[in-house]
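Quick notes on the structure that follows.
Computation of the quantities below employed the complete heavy-atom set of this structure, encompassing side-chain atoms and omitting hydrogens, waters and symmetry-equivalent molecules. Just so we're on the same page: letters track the sequence lines, and every chain starts at 1. All figures in this text were calculated on a predicted structure; none of them were measured in a lab.
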Amino acid sequence: MSDQSERDYRDTLNLPKTAFPMKADLPKREPARIDWWRERGTYERRLERNKKNAPWILHDGPPYANGELHMGHFLNMVLKDMFVKIGLLEGKWANFIPGWDMHGLPIELETLKHLGIKDFHEIDPLELREKCKERAIYWLERQRATRVRMGNFGDWEHPYRTIDPSFEATIVETLAELAEKSQLYKGLRSTLWCVHDETALAEAEIEYEPKVSPSVYVRFTASDAQRAAILARFNVSEGESEDAPLSVVIWTTTPWTLPANVAIALRADATYGLYRVGGELLVLATALAESALGEKFAQAHLVATTTGEKLDNAAVRHPFLDRDSVIVLADYVEMETGTGAVHTAPGHGADDFETGMKYDLPVLNPVDARGHFTAEAGPYAGLFIFKANKQIVADLEASGHLLRAQEYEHSYPHCWRCHNPVIFRATAQWFIAMDQNRLRARAIAATESVAFTPEWGETRLKQMIENHPEWCISRQRTWGTPIPAIVCVACNESILDARVARNAAKRFREAGAGSWWSDPVETYLPEGFACPKCGATSFEKEKNIVDIWFESGVTHLAVLRDAMPWPSDLVVEGGDQYRGWFRSSLVTAVAVKNAAPYRHVVKNGWVNDEQGRPMSKSRGTGIDAADAMGKWGADVLRLWTASTEFVDDVRFGPNVVEQVGRVYRNVRNRIRFMLSNLDDLPLEGVVERANMHPLDGLACAVVDAFMADVRRFYDAFDIHGAYLRVVEFESAMSSLYFDAMKDPLYALAAGDERRRSAQSALLYALKHLLTAIAPLLSFTAEEAWQEIPERLRGDEASVFDSLLEAHGKASSEDLELWNLLRELRARVAAGTEHAGATIRDYETDATVVVPAAFVHRVRELGDDLREALVVSHVLAIEEGERADVRLTPAEGSKCRRCWKYRELGADPEHPSICAPCAQVVRSL
RNA sequence: GGGCCAUUAGCUCAGCUGGUUAGAGCGCAUGCUUGAUAAGCAUGAGGUCCCUGGUUCGAUCCCAGGAUGGCCCA
């Protein structure tokens, strides 16, 4: 036997032991955990168990099935998952059905590119649809794999897809309902048009190229009556004006659109001047007078000014057609170029069209598909529009309406295929009438029943609906759900009949929407159907598809049915969706069900790079979600999600991940400490909460308070608040409680009742902590849960079988005591530091002073107080004004086993250790 | 150009309806520990709370203007 005074007693201690590794190795281990969850049906089992409880549904806004998911998707999708898991852990039936938006032009264009086809007219529509479907499914599968890799729970085997026959049927059924309610109509709309290819183009099919256009300033002269009215609005009397002719000056670079002019748009808040120039009066914005009038500005005299608003609804005469041009207000009128008076032709511009809608102006379309003027253009009938420019300018000059003409180079939209300049041309389209049946007003009113995070989201959504004109839902494309409208062969009337639409819905549900292209029109006609206008009975199918915003706008109708309740409890999307999906869903819901389709709208921010700039592939800051998870693991990125204030814009990059990775390691190690001290705890050794030692009971109370807080944060959708609370909790537990419990855990006999009590408190803390973080750190929480000895897990085989709630309640007195201990410990630390020692040394004894109200509870702690303060002896507990400690050098010598200063040598066989240690060693 | 939003330590963020020396975690520096060890504990440094005016006894917080950045439009 070696000399006992030199003996190392390490092997007589209960040192921590666990298979839970310090190194997380997330990218490698997480995929196996996903399989593990799937094999055990963890999500499905939990859902089944919750079935008896209230449903709570987060309805998935469908991502577009094109391209890889990026970190913006990650943020949004993981947030959704966190909310779903919170719901599940709170016992709710949180059935999450993910979905995808799979029709539409971007996929059609990508497919055409893939096939090497530039003009979609060159391929059979059914064949193109087949190829588009393949492409969309390819992307769905890639995106689904990425979403699953995030650790997200949901019914991944049965997502909803806008290309499913049942979904297409819902779309068409919705159209039928709208038709029944007279909510649909066909009207003109300004669309991008290529006169060379004779086709409508989408925004995505446009390339901007430089073009030289004529730049002309044109007089729109007032009639006598109009002149008097305008002068009155300037507060100028007839006498002062000396009978000079009065004109409003407009500026345009497309003289060929002048035949379609019906209005002049001013800006309400801009200042307009009445200028006397030579023998005439000119009206234009004061801010632009100098640049617009050129050399004439020197001789111009400002007679009076007024605001655009004052001139609203005045009128002047069209320069060469026999009609008025009315003055309107529009907020897009800019004060950079031109005259501040914008030539407005609703048939030839998107802005103009919207203004026309607002003011109920006629939409003139005097241009045919080939770009030639029709008879409506009067003297210019038959001319090719771009050739007519010159003629029109010359005529304006001759009639004295031309003020100035120049050439102007600007960036102008061109057809991506033939590279000819495109025009805006009014074409017939299907619309949802927003003001029919007060739909707009009802939609705005419906937001009142919805909660918004952030709160200003409500105003924003209302504005989007307020400012959005009629909703154009038709597209002249192939990859989508057809609008089941028919055209009367005899009178050319376009008809969207609810009965036809219902037939189509039925047919699509069985055979898919492709049948619209292959079936004869008769398939869809009800018995004895005749044209409501002329009575004829011969029809053709219209070849329009529905806008994909309408398709995604009816997901709530397609998904929230059968067992699923309507409306949903929560939707979570990026801020761009106020204009997009939040709006489109609300409008369809109000039109069909007269209520909002969701109870709560949560908006998440944009993901920018570390400098706060948008992510960009070209700058190398665009990061795919799958790549990021391969590099850092999903859980670190999930923790990043929680570490940001997701409602605002957030930043992402390697340095940010590095930082949150360190927080992750902290959490992980503290979990590891708890696990490593549970290894030998038998089930029968678990001490009831009521029988625990006072400090252990206090630790449990702190856990209870933590759980209550976390629950409150979660219920307020405050993921970030919960994250901060988790960090605060585990850091406080570690520095006070874990540190205090090391000696009892290590040095007491394994089965010592005091040690079992500490272990039981650790088990309590661990299980609750893991449940609390399971929505955030799903992989790590489950990994740790599986390392809890099985006997201690009970029937909660997965962390997702547990319940997110405290099993006790902390009193405020408990928490005050806890804080008092932290305060005392800090004072010991400061005191020992001052004495040149450290708190870890047990080199001091302490006399403790506490306020009277706490004396009893502090005394109750017994030896635990000594451990919590890391001193060798607590000499006395005194009553005082406020918490304090008096430190004195520790009495005795350092025990080689427990490191505290004690009387040594009580046991002659173990002279270098204290009596309690000796007793433990002898018992081994 | 318009609407909306943001701006607090190196980083991620707290700061309740305006009220004494503005906080946390991470990082950094220093010390301790080597029985949570690629861990743990402690101490410390670090901030014209974007700028300028205004209201107020008092402003990070309220108001106005501006700067920078973002989103949605144009």
Side-chain angles (χ1 to χ4, degrees), chain A residues 8-18 20-23 72 267 269-270 330-337 350-351 354 454 456-457 459-461 463-464 466-468 574-580 583 603 605-614 639-640 642-645 647-653 655-677 720-721 723-732 734-736 738-743 745-747 825-826 828-834 836-841 843 870 897-899:
Chain A
D8 175 4
Y9 285 92
R10 201 165 184 272
D11 59 349
T12 68
L13 299 168
N14 313 297
L15 291 183
K17 189 181 160 202
T18 179
F20 186 75
M22 190 175 282
K23 187 168 162 27
R267 197 186 164 87
D269 58 359
D331 53 16
Y332 54 79
V333 175
E334 51 153 5
M335 293 292 149
E336 306 289 306
T337 48
D351 281 343
E354 292 194 6
W456 55 259
T459 318
R460 188 120 165 87
L461 182 56
Q463 282 171 352
M464 288 304 172
E466 192 111 43
N467 299 331
H468 203 258
D576 53 337
Q577 300 304 333
Y578 287 119
R579 189 184 182 78
R583 192 197 96 242
K603 161 252 179 186
W606 224 246
V607 178
N608 293 324
D609 68 16
E610 290 182 327
Q611 279 70 48
R613 313 255 165 188
L639 194 62
W640 161 76
S643 79
T644 62
E645 185 39 89
V647 174
D648 301 326
D649 292 349
V650 303
R651 297 183 182 204
F652 180 82
N655 296 315
V656 175
V657 178
E658 174 79 17
Q659 190 202 177
V660 78
R662 282 187 284 255
V663 176
Y664 174 83
R665 286 201 290 276
N666 258 341
V667 176
R668 187 175 176 91
N669 276 315
R670 279 145 190 179
I671 289 169
R672 184 165 179 270
F673 176 81
M674 287 184 266
L675 277 172
S676 65
N677 283 293
H720 181 67
Y723 163 85
L724 291 176
R725 189 66 180 86
V726 166
V727 171
E728 198 268 329
F729 168 75
E730 51 97 21
S731 141
S734 176
S735 62
L736 181 58
F738 294 178
D739 220 40
M741 284 303 102
K742 278 182 186 174
D743 187 67
L745 287 167
Y746 300 167
R825 184 183 155 96
V828 172
T832 47
E833 175 102 348
H834 191 69
T838 86
I839 192 168
R840 292 302 305 278
D841 294 339
E843 279 173 6
V870 204
R897 187 166 175 277
C898 71
W899 294 344

Take F652(A) and V657(A) through the test side-chain contact (heavy atoms from CB on, under 4.5 Å) and record every step on the way to the result. CA-CA 7 Å; F652(A) 180 82; V657(A) 178; 3.5 Å; yes
Which whole-number value in Å describes the distance from [X] [atom1] to [N] [atom2]?
X	N	atom1	atom2	value
L675(A)	A36(B)	CG	P	15 Å
N467(A)	C4(B)	CG	P	11 Å
R665(A)	G27(B)	CZ	C1'	12 Å
E728(A)	G25(B)	CD	C1'	10 Å
R583(A)	C72(B)	CZ	P	14 Å
M464(A)	C73(B)	CE	P	7 Å
E658(A)	G27(B)	CD	P	10 Å
D739(A)	C32(B)	CG	P	17 Å

Span that lies between the [atom1] atom of [M] and that of [N], in whole angstrom:
N	M	atom1	answer
C26(B)	C41(B)	P	9 Å
U56(B)	A29(B)	C1'	42 Å
C62(B)	U7(B)	P	11 Å
G54(B)	C73(B)	P	40 Å
G15(B)	G53(B)	C1'	25 Å
G27(B)	C11(B)	P	15 Å
U8(B)	U60(B)	P	15 Å
C57(B)	G18(B)	P	15 Å

Indicate yes or no: does K742(A) engage D739(A) in a salt bridge with an N to O separation below 4.0 Å. yes
Hey, what do you get for CD (E466(A)) to CG (L461(A)), rounding to the nearest 0.5 Å?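 Between E466(A) CD and L461(A) CG, I get 11.0 Å after rounding to 0.5 Å.
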Rounded to the nearest 0.5 Å, how far apart are CD of Q659(A) and CG of L639(A)? 10.5 Å
With a non-hydrogen cut-off below 4.0 angstrom, is [X] in contact with a base, only sugar-phosphate, or nothing?
X	answer
R267(A)	sugar-phosphate
T18(A)	nothing
D351(A)	sugar-phosphate

Hey, is the side chain of [X] poking within less than 4.0 Å of OP1 or OP2 on [N], counting only N and O atoms?
X	N	result
N666(A)	C26(B)	yes
R672(A)	U37(B)	yes
K742(A)	A36(B)	yes
W606(A)	C71(B)	yes

I'd like to know if S734(A) reaches the base of A36(B) with its side chain, counting only an N/O donor and acceptor under 3.5 Å. yes
Pairing partner of [N] (Watson-Crick or G-U wobble, both distances under 3.5 Å):
N	value
C28(B)	G44(B)
A22(B)	none
A39(B)	none
C16(B)	none
G53(B)	C63(B)
C4(B)	G70(B)

Reading nucleotides 8-16 of chain B from the 5' end, what letters show protein touch, with B for base, S for backbone sugar-phosphate only, - for no heavy atom under 4.0 Å? ---BSSS--
V333(A) vs Y746(A), nearer the 5' end of RNA chain B by closest nucleotide: V333(A)
Of F673(A) and R670(A), whose closest RNA chain B nucleotide lies nearer the 5' terminus?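 It is F673(A) whose nearest nucleotide is closer to the 5' end.
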In terms of side-chain heavy atoms of R662(A), which of A42(B), A36(B), G27(B) is nearest? G27(B)
Where the side chain of R579(A) is defined as all heavy atoms beyond and including C-beta, which of G40(B), C72(B), G35(B) is the nearest nucleotide? C72(B)
Is NZ or CZ of R668(A) both nearer than 6.0 Å to the six-membered ring centre of F20(A) and within 45° of the ring axis?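 Checked: cation-pi criterion met.
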